[in-house]
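Note that the coordinates shown come from a computational prediction; the quantities given were computed from them, not determined experimentally.
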Amino acid sequence: MNKIYLDNSATTRISEGALEKYIEVSREYYGNPSSLHAMGFEAEKILDGARAEILRSLCTKDASVIFTASGSEANNLAIIGRALSKERYKSGAKIITTEGEHASVDAPLDFLVSLGFKVARIPTKNGKIDLDILKREMTRDVILVTMMMVNNETGALYDIATVSKIMKANSPDAFLHVDATQSYLKLPFTKAKLGADMITVSSHKIEGPKGVGALVVGKEVIKARGLAPIILGGGQEGGMRSGTENVPAVAAFGEAVKIGFESLKERYEKTRVLRDYLIGKFEQEELAEISLTLPEFSAPHILNITLPKIKSETMLHYLSSLGIYVSSGSACSSNGTHSSSALTAYGRSAAEADTSIRISLSYHNTKEEIDALAEGLASGLKKLSRIR
């Protein structure tokens, strides 16, 4: 049975180039980058090369790259590290985010609320940030604005540049953190155009290995000592993230960034065409009962669909039996530790959210695979509706 993988927002297959780089560095350059000998210097040079690739992909030199074990850790560092960077913030400084964020943003914010921080969540109905409410909340006590660029479940593309302008005009102590795990090397953007002070990126979302991510931190944040480490120890990563770096994974991450950045335009166009082709499939009579979540501005690789009174998990398992792999939401929500609010924030009911499926594309996918998905959904609707 052929595998049709349409869950690329959960993770991607590691590319051959990244895998080869991982193996090469594991075999040949296994020194500790903190060691003061030639093999340590070689390892440190590999880390610096990967940092340079990430900065090049964001068209900036005016930033530092802090390697972490995941995008989730990078989000935690940005949020908790910012909150704990100044003693005065602990008296109840304010953080702004949006409704429907990833668990790795929501959970550290809930933790900070327990410490006395204030959190304002801005509505995102129909995939748009409510700028009027944002302006009202953007007061002088705001120290951080943290939000995703592309919603991982709806595919909504948020207007981060406008958020940045509003923040800088109204909240002089605030920094902007953007969780770019679902947008990085999926669509073109630069650090400057976003107006972001910190950006989270993740390796396994872009055909790199799992277990490595990064927080890109603007020099203005470092200069202001606006970020405190949350993992303490040997002082690696400029003192911002202790622990011996995973050099092979970082090297492979850098290789994935290099390959992805050089082919970004081609990949973007292919996924955009595939998504349009997929949307057209739902005009067929046998799929007419399925409704689509279509933000006005969206990423080219994510489409969320809502089934007619069939649990998303039920359809997911049916499609899986056919060798077609999709998702019932964020992979980080499936462990039962976080109930997704992205769809209800968008405007879907709780019942609709419970019957929704996320299809996330890669440039590797083909129209033939989309055809097979449409056929699988059609047969699933027939079979599962009878069972229902």
For this session: Given side-chain contact (heavy atoms from CB on, under 4.5 Å), test Thr11 with Lys205 step by step and report yes or no.
Result: CA-CA 5 Å; Thr11 196; Lys205 306 292 190 183; 5.8 Å; no

Exercise. Could you walk me through whether Phe117 and Tyr89 pass the side-chain contact (heavy atoms from CB on, under 4.5 Å) check?
Worked result: CA-CA 8 Å; Phe117 288 84; Tyr89 293 160; 4.0 Å; yes

For this session: Could you walk me through whether Ser362 and Thr12 pass the side-chain contact (heavy atoms from CB on, under 4.5 Å) test, one step at a time?
Result: CA-CA 8 Å; Ser362 160; Thr12 58; 5.9 Å; no

For this session: Evaluate the criterion salt bridge (charged side-chain N to carboxylate O under 4.0 Å, His left out) for residue pair Asp354 and Lys311; output intermediate values, then yes/no.
Result: CA-CA 6 Å; Asp354 202 30; Lys311 295 275 189 180; 2.3 Å; yes

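With Tyr363 as reference, Arg267 is the one residue of His301, Arg272, Arg267, Lys270 to meet the side-chain hydrogen bond (donor to acceptor under 3.5 Å, both in side chains) rule. With Asn75 as reference, Asp179 is the one residue of Thr68, Thr146, Asp179 to meet the side-chain hydrogen bond (donor to acceptor under 3.5 Å, both in side chains) rule.
Within the 4.5 Å cutoff, the side chain of Thr190 has no heavy atoms near those of the Leu194 side chain. With a 4.5 Å cut-off on side-chain heavy atoms, Arg51 and Glu237 count as touching. A 4.5 Å side-chain heavy-atom check between Phe261 and Glu53 finds every atom pair outside the cut-off. Put simply, the side chain of Asp197 does not reach to within 4.5 Å of the side chain of Val217, judged on heavy atoms. Looking at heavy atoms from C-beta onward, Asp173 lies out of side-chain contact with Arg140 at the 4.5 angstrom threshold. Here the side chains of Val145 and Met147 are in contact, with some heavy-atom distance below 4.5 Å. Side chains of Arg275 and Leu361 form a contact here, defined as non-hydrogen atoms less than 4.5 Å apart. Between Leu134 and Leu131, the closest side-chain pair of non-hydrogen atoms falls below 4.5 Å.
Between Glu73 and Arg241 a salt bridge is recorded (basic side-chain N to carboxylate O distance below 4.0 Å). The pair Glu137-Lys94 counts as a salt bridge, with a side-chain nitrogen and a carboxylate oxygen less than 4.0 angstrom apart. Between Glu296 and Lys128, at least one side-chain nitrogen of the basic residue sits less than 4.0 Å from a carboxylate oxygen of the acidic one, meeting the salt-bridge criterion. The pair Glu87-Lys90 meets the salt-bridge criterion, with a side-chain N (NZ, NE, NH1 or NH2) lying under 4.0 Å from an Asp/Glu carboxylate O. Using a 4.0 Å cut-off between charged nitrogen and carboxylate oxygen, Lys191 and Asp62 do not count as a salt-bridge pair. Here Glu24 pairs with Lys21 in a salt bridge; the nearest charged N to carboxylate O distance falls below 4.0 Å.
Surrounding OH of Tyr29 are at most 12 heavy atoms belonging to other residues, nucleotides or ligands under 6.0 Å away. Around the CZ atom of Arg13, the shell of radius 6.0 Å holds no more than 12 heavy atoms that belong to other residues, nucleotides or ligands. Other residues, nucleotides and ligands contribute over 12 non-hydrogen atoms within 6.0 Å of the NZ atom of Lys168. Within a 6.0 Å radius of NZ in Lys219, more than 12 heavy atoms belonging to other residues, nucleotides or ligands are found. The local environment of CD in Glu262 is crowded, with over 12 non-hydrogen atoms from other residues, nucleotides or ligands closer than 6.0 Å.
A side-chain donor-acceptor contact under 3.5 Å links His37 to the backbone of Gly40. Thr314 places no side-chain N or O within 3.5 Å of a backbone atom of Ile310 that could act as its donor or acceptor partner. Although no hydrogens or angles enter the test, the distance criterion places a donor-acceptor pair under 3.5 Å between the side chain of Ser360 and the main chain of Ser9. Remark: side-chain polar atoms of Ser164 are paired, donor with acceptor, to backbone N or O of Gly195 under 3.5 angstrom. With hydrogens and angles ignored, the 3.5 Å screen pairs no side-chain donor or acceptor of Ser320 with any backbone N or O of Leu316. Without hydrogens or angle criteria, Ser356 side chain to Glu352 main chain gives a donor-acceptor distance under 3.5 Å. Of the possible polar contacts, one joining the Ser57 side chain to the Ile54 backbone as a donor-acceptor pair under 3.5 Å is found.
Residues Thr98 and Glu101 have side chains that bring a donor and an acceptor to within less than 3.5 angstrom of each other. A donor-acceptor contact closer than 3.5 angstrom is absent between the side chains of Ser35 and Asn32. In the model, Glu207 has a side-chain atom that pairs as donor or acceptor with a side-chain atom of His364 under 3.5 Å. When only modelled atom types and interatomic distance are considered, Thr293 and Arg348 share a side-chain donor-acceptor pair under 3.5 Å.
Tracing side-chain contacts under 4.5 Å through hydrophobic residues (I, L, V, M, F, W, Y), one never reaches Leu144 starting from Val178; they form parts of separate clusters. Cluster membership for Phe175 and Ile160, using ILVMFWY side-chain heavy atoms within less than 4.5 angstrom, is not shared. Put simply, Tyr5 and Ile357 are part of two different groups of oily side chains (I, L, V, M, F, W, Y) that touch within less than 4.5 Å, one to the next.
Across all non-hydrogen atoms, the minimal contact from Asp110 to Arg121 is OD1-NH2, 3.3 Å.
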